[in-house]
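Before any comments, here is the structure.
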Amino acid sequence: MTLSTEDILKNLNENQTKAVTTDAQHALVLAGAGSGKTRVLVHRIAWLISAEFVSPYSILAVTFTNKAAAEMRNRIAFMLKREIRDMWIGTFHGIALKLLQINTEAAGLPKNFQILDSDDQYRLIRRCIADLELDEKQWPPRTVQAFINDKKNDGLRAHEVEDYGDYNNQTLIKVFGHYDDHCQRAGLVDFSEMLLRAHELLLNDEAVLKKYRQRFSHILVDEFQDTNAIQSAFIQLLAGKNNKVLVVGDDDQSIYAWRGAKVEHILEFQTLYPNTAMYKLEQNYRSTQNILDAANGVIANNKKRLGKDLWSAQEKGDLVAVYGSHSEFDEAFFVGETIEGLLSEDARADDIAILYRSNAQSRLLEEALLKRSIPYQIYGGLRFFERLEIKDVLAYARLVNNRHDDIGFERVINTPTRGMGLKTINLIRNYAQMEQSSLWESGKKLLKAGKLSNRAATSLAAFNNLIDELEDNSFSGDDNEQNLASLFTDIIERTALKDHYLKEPPEKAQTRLENLDELINAAEMFEVTDEDLALGLTPLAAFLAQVSLDAGDTTQVNEPHVQLMTLHSAKGLEFPAVFIVGMEQGLFPHQNSMEDHNKLQEERRLAYVGITRAEKKLFLSYATSRRMRGKINACQPSQFLREIPKELIKQMRGNIHPATTYSSHTPIKTPYQSQTQNTNDSPYQLGQTVKHKSFGEGVITDMSGKGDYLQVLVQFNDFGPKVLAVKFAKLEIV
DNA sequence: TCTACGACTATTTTT
DNA sequence: TAGTCGTAGA
């Protein structure tokens, strides 16, 4: 049973329909925030399969995150009422990895090549810096790592990086080369390498290129504004002259230039791909008109744009609320109180999101929510498979999978400590380097040659046996199939890792053990696909590969929570009510981005992303004083606030036009403020003279917040106006 | 091998 | 300010 064309096109607006049914060779779909971007992709694929009878086998759909890939796959299956097996849907990295796994030899990789995640890469780079006898102080590993990845993202290998004759640059190139040599010898592939190598595979192997060009007659790419040079080149190469490419994206939502993404790819798409039809999706189904107008007002200040104007068929809705607070405490208080108000009306906690520019801002907000017993959840931070205990167990598993996995070896050879100190490890390392062998091999040889101390020899032999036994034991039962869950259980028990974590503070240990249980669960749930089997991967190898590409979503949804996250991680999400906090010059736009024109534009796009997350209510707040890096700074409201048309703003407190902020002697009366003052039961009052330890005497001229969050504005005789948190300031009443 | 202390640093993050 | 990291010393 096929889906009728009517079924596919119903519920689509005019431009969406045009994009879905396009017969141009290439299509650029400029999809504004909330305009049904994913919808167009999903319907387009359904259209290709059901109306144009394109075989799913010939379709390649690429996204940036696993989440997006999974969502797309589900929605297509739901629409077509069947699972689409032969179609490739995945992240750029996932697709690249698949190509490498199928064409291992042509790609110049060993059969059992290993994937390095960022942390592994970092460790290896540190080793390389040490190998070359460079000083880490002078060559910070992070800088070197960024250098290598930047170059790879631009499609360059060490020998291709331009050598300006500059010592600094030359050294970086040297480390890059050394690192790549090491990876090549050991069969290691980092994330950027995956893309670079897949690209090279197509570029250098005509037969392979021909095969995939013939196969993928239809290529679709999501979030095209986020592609970096190598990703863009990859698509172009695969497309060749004849295949059809449809990309969806929004130049106004390009917020990842700092990690190699180039807006130019979407801006220049029509030049790069002749015969391109462009479709603009400007009707927004998410937000009220006022919110969209605010977003439009801000983004209009950017220069390099393809130009779009979002509109909504919805009502105008509430005005954008702007709150000027005295301090970050006051701001957190405002957010907490307002959320409490929303919740007492009709909002659910998960209708609400608090967005900020940098993670450090989350703490006070958390405290404010905690105080009111409002459930919340923070996005970001360490993800499941990046946690230390998980990585430890996985490192053992990696060794079981492949004894020559040096990264795994280094990680666990002395974790938990088994008397293999730095001395022994260095001995093994040096020998390995001399012999060009893996650490595992080198250890064995040293052992055989009796070159290790007694203690080291005993424990290394025990370690070797342990790994071998773990592997043997993982094959259980009559079918002799590898059982992952029992392997992991075995690892945790027999390596004494469990006892090792139990030595930590109870709370920490508890979480670690819980995570390990979770890992065993994940292993139990893991199913080897036919594809993995066809590639000749063992269950363990397949599991390890999957785990390294998908760091695991730690967010478990049970009761509704207020969502706290950075503006970056909010991309693609939507909420009925959104708070954007810390709207101040220097924080948002961030200090490091304010001088540079391009960076400032990216900050502005970030503001645009943030504003367009809101469906119905949008609250923007700033503080006129904020403690940052241990220092109290006076802050100006963000320029982005002033870019929102005045008539859309309801200023709840303060004034975003800087001249009149802050130092006035008369407190600003707002409904919000009088409300909090009524409930103020502190000993301090307006007009009161107080004494401060270092600032001396002054008069209280404004107050806000209550309880622990009570703030006062004091005009000090000798130091001028200062905002102080009463809880900390220890003011004496004179 | 573990602990303690001093130095250092401080956007955004997916794979 | 606060958290991480490396090293010195027990």
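Everything quoted here is computed from the prediction, not taken from an experiment. Naming: A, B, ... by sequence-line order, numbering from 1 per chain.
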Could you check whether [X] gets within reach of a base, just the sugar-phosphate, or nothing at all, counting any heavy atom under 4.0 Å?
| X | result |
| --- | --- |
| A:R363 | sugar-phosphate |
| A:R605 | nothing |
| A:N153 | nothing |

Exercise. Ignoring backbone atoms, establish whether A:R627 has a side-chain N or O less than 4.0 Å from OP1 or OP2 of C:dA2.
Key: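 For C:dA2, OP1/OP2 do not have a side-chain N/O of A:R627 under 4.0 Å.
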
Exercise. State whether A:R126 places a side-chain N or O below 4.0 Å from either non-bridging phosphate oxygen (OP1 or OP2) of C:dG6.
Key: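 For A:R126, the contact criterion (side-chain N or O under 4.0 Å from OP1 or OP2 of C:dG6) is met.
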
Exercise. Using the salt bridge (charged side-chain N to carboxylate O under 4.0 Å, His left out) rule, pick out the option among A:D154, A:D251, A:D226 that qualifies with A:K262.
Key: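 The residue from A:D154, A:D251, A:D226 that satisfies salt bridge (charged side-chain N to carboxylate O under 4.0 Å, His left out) with A:K262 turns out to be A:D154.
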
Quiz item: Any side-chain donor-acceptor pair under 3.5 Å between A:E223 and A:Q225?
Solution: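 There is such a pair between these side chains.
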
Quiz item: Do we see a donor-acceptor contact under 3.5 Å between the side chains of A:Q121 and A:S118?
Solution: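 Per modelled atom types, A:Q121 and A:S118 side chains form no pair under 3.5 Å.
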
Quiz item: Looking only at atom P, what distance separates B:dT12 and C:dC5, rounded to whole Å?
Solution: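 That atom pair is separated by 15 Å.
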
Quiz prompt | Rounded distance in Å between the C1' positions of B:dT13 and C:dA2 | solution =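 The same atom, C1', in both gives a distance of 22 Å.
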
Practice problem: If a protein heavy atom is under 4.0 Å from the base, mark B; if only from the sugar-phosphate, S; if neither, -; do that for nucleotides 7-15 of chain B going 5' to 3'. | Solution: ---BBBBBB

Exercise. Using whole Å, report how far CD of A:Q361 lies from C1' of C:dA2.
Key: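 Roughly 16 Å, once rounded to whole Å.
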
Quiz prompt | Separation of C:dA8 P from A:L422 CG (nearest whole Å) | solution =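 About 13 Å, once rounded to whole Å.
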
Quiz item: Do A:K152 and A:F176 touch side chain to side chain, with heavy atoms closer than 4.5 Å?
Solution: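 Result yes, sub-4.5 Å side-chain heavy-atom pair found.
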
Quiz prompt | 4.5 Å side-chain heavy-atom contact, A:H199 and A:L237 | solution =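 The answer is yes; the side chains approach within 4.5 Å.
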
Quiz prompt | All side chain to side chain donor-acceptor pair (under 3.5 Å) counterparts of A:R604, not counting sequence neighbours | solution =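 A:N302, A:E643.
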
